[in-house]
Structures are given as structure tokens and as C-alpha cells.
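The next block holds one structure in the form of C-alpha cells; read it before the comments.
Here is how names work: the chains are called A, B, and so on, in the same order as the sequence lines, proteins then strands, and each is numbered from 1. Atom set for the values below is all heavy atoms of this structure, side chains included, hydrogens, waters and symmetry mates excluded.
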Amino acid sequence: MKVFDAKHIKNIVLLGAAKSGKTTLAETMLYEAGLINRRGTVENQNTVSDYHEVEHERGNSVYATTMHTEWRDYKINIIDTPGLDDFIGEIISSIRVADTCVLLINAQHGIEVGTELIWNYADRYQKPVILAINQLDHPKSNFDATLDSIKNRFGSAATLMQYPVNQGDNFNSIIDLLKMTMYKFPPNGGKPEKLPIPDDQKEKAEALHNELVEKAAENDETLMELYFEKGSLDEDEMRQGLKIGMMNHEVFPIFCMSAKNNMGSGRMMGFIDNVAPTSVEMKPEPSENGEVMPHGANDPTSLFIFKTLVEPNLGKMSFFKVISGSIEVGTELVNHQTGQSERLNQLFIMDGKNRNPVEKLVVGDIGATLKLKSTETNHTLKDKSVSLAVKPIQFPGPRIRTAIVAENKQDDEKLGEVLKKIHQEDPTVEVDYSRELKQLILSCQGELHLAMVKWALENTYGLHIDFVTPRIPYRETIRRAAEASYRHKKQSGGAGQFGEVYLKIEPFHEGMDEPTGFNIRNKDETDLPWGGKLVF
Amino acid sequence: MEEGPLTGSYVRDVRVMVYDGKMHPVDSNDISFKIAGMMAFKQAFTRADPQLLEPIYDLEVVVPEELMGEVMTDLQARRSIIQGMEARGAYQVIKAKTPLAELDRYTTTLRSITQGRANFSTSFAEYAPVPYDVQQKLMADYNEQVEEVHG
Ligand SMILES: Nc1nc2c(ncn2[C@@H]2O[C@H](COP(=O)(O)OP(=O)(O)O)[C@@H](O)[C@H]2O)c(=O)[nH]1
Ligand SMILES: [Mg+2]
């Protein structure tokens, strides 16, 4: 494995509604760069990204999957995410470690509900965004309507970099507004021919090119002056302006493609190489208490664990981003949260299920390791000299809760343990045994999420379970005073029992008068763990 | 008082005053008094106009404006009290107080009445009295359950 320095590593996350083509695009990006020599498809269940059995069964992504590709002199780490917000936990942690979000928009539908839901999270982190209009080869694709919906949603930040000359079945040409060239793809996609812009497109291309130049210029004063003097900007100046705009979350460049036919992804990768920022150019990670994490290549090492995966035959796999310094095989680090030391005996770059062993990873890179003892998602591993920990990812609270029971009573204990493991992998699955309700309560993000938990329990751990309606934690109280007495008597044979009690009860509220008419011998006030008070 | 007489739920906000007792020189012991006390408490409780309280949650639903009507109608059917509405971009945010008992599988309903275009979050707010008819039903259910167990 080639070692890349921090200036040549780009981390992107593929985001978008279900079925927009994220997994297919990841496959195409690996194929286009020659990292795989045949392209799998989601239908044939042989993509690099969707390698889990449950993903094959369902035909869509459930887990976020890390991969890498190499384009020209750069390494691009790609995280493919699920498109359904039931799996928002996987999506959020991926956004957190990526430096550029590539948001796919299906040219058949434009902005979808799923796009919106996921966008809200991307927007929260203010990361650079590229918009990729995909499926332009689809007979139902509609570029103009899609672009309208994009402009509607994102306003003037949406910045057209390209437009298709034709679409649907005939889709094979794109006009690039930065390079002012037409790319024409061979029938099977891949490397395009570079052609001059045809006469009938010149006027449109010129107008859009000028818009792009203005957009690039408006992010920086020097560029604005240059533009004012020359009336135009050259390619490098435009890249510089676009980069500043992207980093300020004010320019979202739009690319055109067909992931399925391998058309257009190479140009976008070139743009990611040349324009999208590296980790070291981005604002440094905040620490838990709002300070700035060390972030230099020569700073002492710190790693942030953003994802944990428990693979049945491999054990626990921890995915991390190098926040500062570098990490070599065999290094011992300290877990900030647990205080335990952890030796990283193996380092990998992951391509789906394939583990590529590496000796070293530098700041900004993303990798994985196996068999950490006490380390979980959101923990920081660090050199002893680092005193800070990375601010943890905030996962959303649960949206659905259910009680869960093992079909076989003997499995109860195992069920509790396995659910704890599942929680480690996916912090948006929460488990809690309620003593009050006498039920094991599972909370998560939605019906589909529940179905996945059930799937994992059955297929990975051989546990059969039922979901039942959780009981409601009612409370009982009284609204007026009452008296009663009871005589308990059992005096037939053996040691007898006898007791008689007279008592009065009344509604209790804070600050009420002491009882009158009694001699108080003894007073006992108990704060109840479930709220309220009991006073004897 | 871990199991109240109405539904077996926790009891709260009750003052108990034991003002008299009788002992037997030989046969009285701790357990005898505990049993007598428990039975007396149950009797007094049922005479003291007992009230069941239920957990109420703050609910926030974010929904596209044109679908607000559907969501409101559904919320009202769930014994919710609407606290207010405000615009957030192209969305409306509805704030309501809803009993937990009415929130079972709300994700599914909300998804189907809005084609997946709404989102919501909840957090515990307070305990409030259960309406009379609901309380009667819950108590009847509980008695049935107890009888089943004791054969
Ligand atoms: N026509 C067409 N179909 C595509 C394209 N990209 C993906 N698809 C198809 O869309 C479906 C969903 O693709 P997938 O990559 O799983 O989407 P994801 O859910 O975003 O990961 C699959 O049937 C793909 O073959 C494309 O560029 N053109
Ligand atoms: Mg996918």
C-alpha cells in the first residue's frame, strides 16, 4: 500500500435518499481508478460496499461502509451510507469524520424527503458539500426539474459546474463549465473524449461559465479584484475561489453523472483531488470542553473512534480517524475515557470487508483496528502527553420503544448481553431493563431499525425474540383521607401470627401541616426513586 | 409501596399514619404486623378516592405546512393537548403534550400519514391524572390479570 501524506488524503461521505445510487457510485469510483477490475451491482449482491448478508437480503445499505480509491496522486477515502433515516446513527458518524459530503440527487425525482432529512444533519456540521445529480441515463430522468428543485432547496449556494447535453437512454455527453470542454463517453462509460463545445451549445455554455466565474470570485477579495481587472478568472483562480466557498459552506458545486454507466465520476474525483479540502485544511476538531484538539502532523498522536463493528468471526473492529500525529503498528495508546492502555497490533485500510494491512497512517486518514479491549465508539485514543479528548458525536434520542422477550426463557441473560453488543455497534439502539415494568425495553429509530435488530439477533446470534407492547409506568395516588384497620391472625398449629393495625392515609404534598390528634412516635420520610414521597 | 392496589404500579404522594395496633404476647412478630399493615393500607387506599397518574410527554412534530391538518387531527385522537405552533423554514413545528400510552408506534403512523415527510422527538414532561373511563378500564384489565395468575 502506498503511503499518502496528509495533503493527499481526501475523506468523502456519500449521502442521499435511498436508491439514489450511492453504493453504485462507490463501486464505480473504485473501478474507475482500477482498484477493482470488475464492477459489482446491487442486484447481483456483489458490490464492495454492501457486503453484509442483511444488505443482500434487503437490497439496500444498512451499515456505513468505508472504502478507498486512488485518483491521480490522491487517496480518496469513501464512506458509503444508508439512505434511510432509521439508520441515522451510521449516517451521522460518517458525516462527522468526512471532510466533504457528496449528496446524491436522483435525476428521476429531484430533492426527495430522504434528501431533506439527511441534509439537515449534513448542514448541522457545516461541512463542504458537493451535489451529484445521478441517473441521468434513466429514461425518466429530468435534469431541468431536478436542478429547479435543487435551486429551490439550496438557493444560490447551488453552483452548476456541468450540464448534460442529452439525457435518458442517449446520455453520453456533459459540458464542463470550468474547463469549457465537452466530455463524450464511450457506450460503456469510462474515459471520455474531450471535445470542443458544439456551436449550438456555445451561447448557453458561455452564459453559465460566466455565472460560475462570478460565483468563484465572490468568496475572496483578491479574486474579486482580479475579476474586476481582467473580467475573467483562469482555471486555477476559479478552483481557489470555489474551494474557499466550499469551506465556508456557501458554494455547493453540482456535478452530473450516471453511476451505473460509469459516466462522470472521474471528473468529480478530479475535482475532489484538486479542490475539496483535506482534513488538515479544515477547522481543527473541537475537544470535549470546547478547546481545540492538536491537529498537526508532528503533534503527538490522537485517534477518534467513530464506529464499532462486531463481526461474528473476527470480533470487535474499531474504525478511527487520525486527529493528530500518526499511528504505526504496535503503538501503545491510552484510552482517554477508560484510562486503559491499548496496543494497536494491526492497522488496516478497509474496502468493505477486505482488510488491507498498513504499517502507518497519518493525520487526516481513516483506518481500522481489531481487538481493542475497552474502547468504544466516541472514545479518544491518545499519546500520554495529550490531555484532551475529541468532542463526542451526539446521536439523536430514540423515536420508538418496545419491550423485547426471548422466545425461550433460558435465553434471557444472553439476550441482555447480545443487546449490549449491538448497542456498542450502534449507539442509537438503547437497551434498559426496567425494574418497575419488569420488562427489557429496547429503543431505537424506527420500525425498520427494529426489524434489523431482530434480524441480527436471529441470524447472527441465533436468538429468537418477540417484540411486545411496553407497559406504561403509571402511578397511583389518592385524593382524600381514609382510615382502615386490619387484623391478621393465623394461630392454628405451629408458631402463630397475630397483628392488628389501625391506620389513616391522606394525600401528601410538600409543606403540609404535621398531623394533629396523634402522638408522633416516629416519622419516616422516603423520597421515592420514581418521584413523589411516602411519609410514615 | 412498589405495587399499588389499582394496577400494581408505584404509589406516590401518600402520608400514612399508623395510630394503633394490638399485639399478642406470644404470637406477634414482624411479619404479622407487616401483613396487617399492608392489608389495612390497601383497604384505606380504595376508600380514599384513588387516582391513577400517567406519564405525559412533550412532543415536537416537524411537518411540511400542507400536511399539518392530518397531523393535528391524529394528535387530537391521541388525547394530546396542543401547546403551540411555529414556522421553521418550509416546515411547521407542532408542540403538544401527549400521554405515553398514546405514543406507541407513533413513528409508523406519522410516516404513513405524511408519506415519511415529517419528523418528531419526545421527552418526558410530567405525571397527570388519567381520565375516569381510562382508569376504570386499566383497573379492570389489572384485576383480570391478577386473577389469571392466582388461578
Ligand atoms: N439508471 C440508473 N440506475 C442507477 C444508477 N445508479 C444506481 N442505479 C440503480 O438504482 C438502484 C439503487 O442503487 P444503489 O446504489 O443501491 O442506491 P443507494 O441506495 O443510494 O445506495 C439500483 O438498482 C442501481 O442499479 C444510475 O446512474 N442510473
Ligand atoms: Mg446503498
L437(A) versus chain B, the contacting section by heavy-atom distance below 4.5 Å: neither
Smallest separation among heavy atoms of R399(A) and F120(B), with atom names: O-CZ, 3.3 Å
Let me confirm one number: the CD-OH distance from Q135(B) to Y474(A), rounded to the nearest 0.5 Å. 10.0 Å
Side chain, backbone, both or neither: which part of D85(A) has a heavy atom under 4.5 Å from chain B? side chain
Heavy-atom distance under 4.5 Å to chain B: side chain of P470(A), backbone, both or neither? side chain
Quick check for you: to the nearest 0.5 Å, what is the distance between M39(B) atom CE and L503(A) atom CG? 12.0 Å
Any chance you could measure K504(A), atom NZ, to M17(B), atom CE, to the nearest 0.5 Å? 5.0 Å
Would you say Q83(B) has more than 12 foreign heavy atoms packed within less than 6.0 Å of its CD? yes
Between K42(B) and E476(A), is the closest basic N to carboxylate O distance under 4.0 Å? no
What are the two closest heavy atoms between A44(B) and A484(A), and how far apart are they? N-CB, 3.6 Å
Quick check: closest heavy atoms across G116(B) and V113(A), and the distance to 0.1 Å? O-CG1, 2.9 Å
Do you know which two heavy atoms are closest between R480(A) and D49(B), and how far apart they sit? CG-CB, 3.8 Å
Heavy-atom closest pair (A36(B) atom, V501(A) atom, distance to 0.1 Å) is CB-CG2, 3.9 Å
Gap separating the CD1 atom of I478(A) from the CG atom of D13(B), nearest 0.5 angstrom: 9.5 Å
When rounded to the nearest 0.5 angstrom, what is the spacing between CZ in R111(B) and CG in L448(A)? 7.5 Å
Residue part contacting chain B, namely of E112(A), when any heavy atom lies under 4.5 Å: neither
Under a 4.5 Å heavy-atom cut-off, does chain A meet the side chain of Q115(B), its backbone, both or neither? backbone
With only heavy atoms counted, which part of T7(B) is less than 4.5 Å from chain A, the side chain, the backbone, both or neither? both
May I ask you to name which of L53(B), L52(B), T46(B) has the most heavy-atom pairs under 4.5 Å with chain A? L53(B)
Is the shortest side-chain heavy-atom distance between Y19(B) and S485(A) below 4.5 Å? no
Selection from P64(B), P50(B), P99(B) maximising heavy-atom pairs under 4.5 Å formed with chain A: P50(B)
In terms of side-chain geometry, is the basic nitrogen of R47(B) or E483(A) positioned less than 4.0 Å from the acidic oxygen of its partner? no
At a 4.5 Å cut-off on heavy atoms, which part of Y91(B) comes close to chain A: side chain, backbone, both, or neither? side chain
Need one label for L138(B): side chain, backbone, both or neither, based on atoms under 4.5 Å from any heavy atom in chain A. side chain
More than 12 heavy atoms of other groups within 6.0 Å of I82(B) CD1: yes
Could you give me the CA-CA distance, side-chain angles and deciding distance for R105(B) and T469(A), then say whether side-chain contact (heavy atoms from CB on, under 4.5 Å) is met? CA-CA 9 Å; R105(B) 301 286 157 107; T469(A) 311; over 6 Å; no
Part of V130(B) lying under 4.5 Å from any heavy atom of chain A: side chain
CA sep, side-chain torsions, deciding dist, call: T107(B), H449(A), side-chain contact (heavy atoms from CB on, under 4.5 Å): CA-CA 11 Å; T107(B) 33; H449(A) 202 193; over 6 Å; no
Applying a strict 4.5 Å limit to non-hydrogen atoms, the region of Y106(B) in contact with chain A is neither
Region of T477(A) in contact with chain B, defined by heavy-atom distances below 4.5 Å: both
Is it true that atom CD of Q126(A) has more than 12 heavy atoms of other residues, nucleotides or ligands lying nearer than 6.0 Å? yes
Sequence neighbours left out, what pairs pass salt bridge (charged side-chain N to carboxylate O under 4.0 Å, His left out) with at least one residue falling in residues 120-142 of chain B? K137(B)-D141(B)
Closest approach of A482(A) to A48(B) (non-hydrogen atoms, all atoms of both residues): CB-CB, 3.7 Å
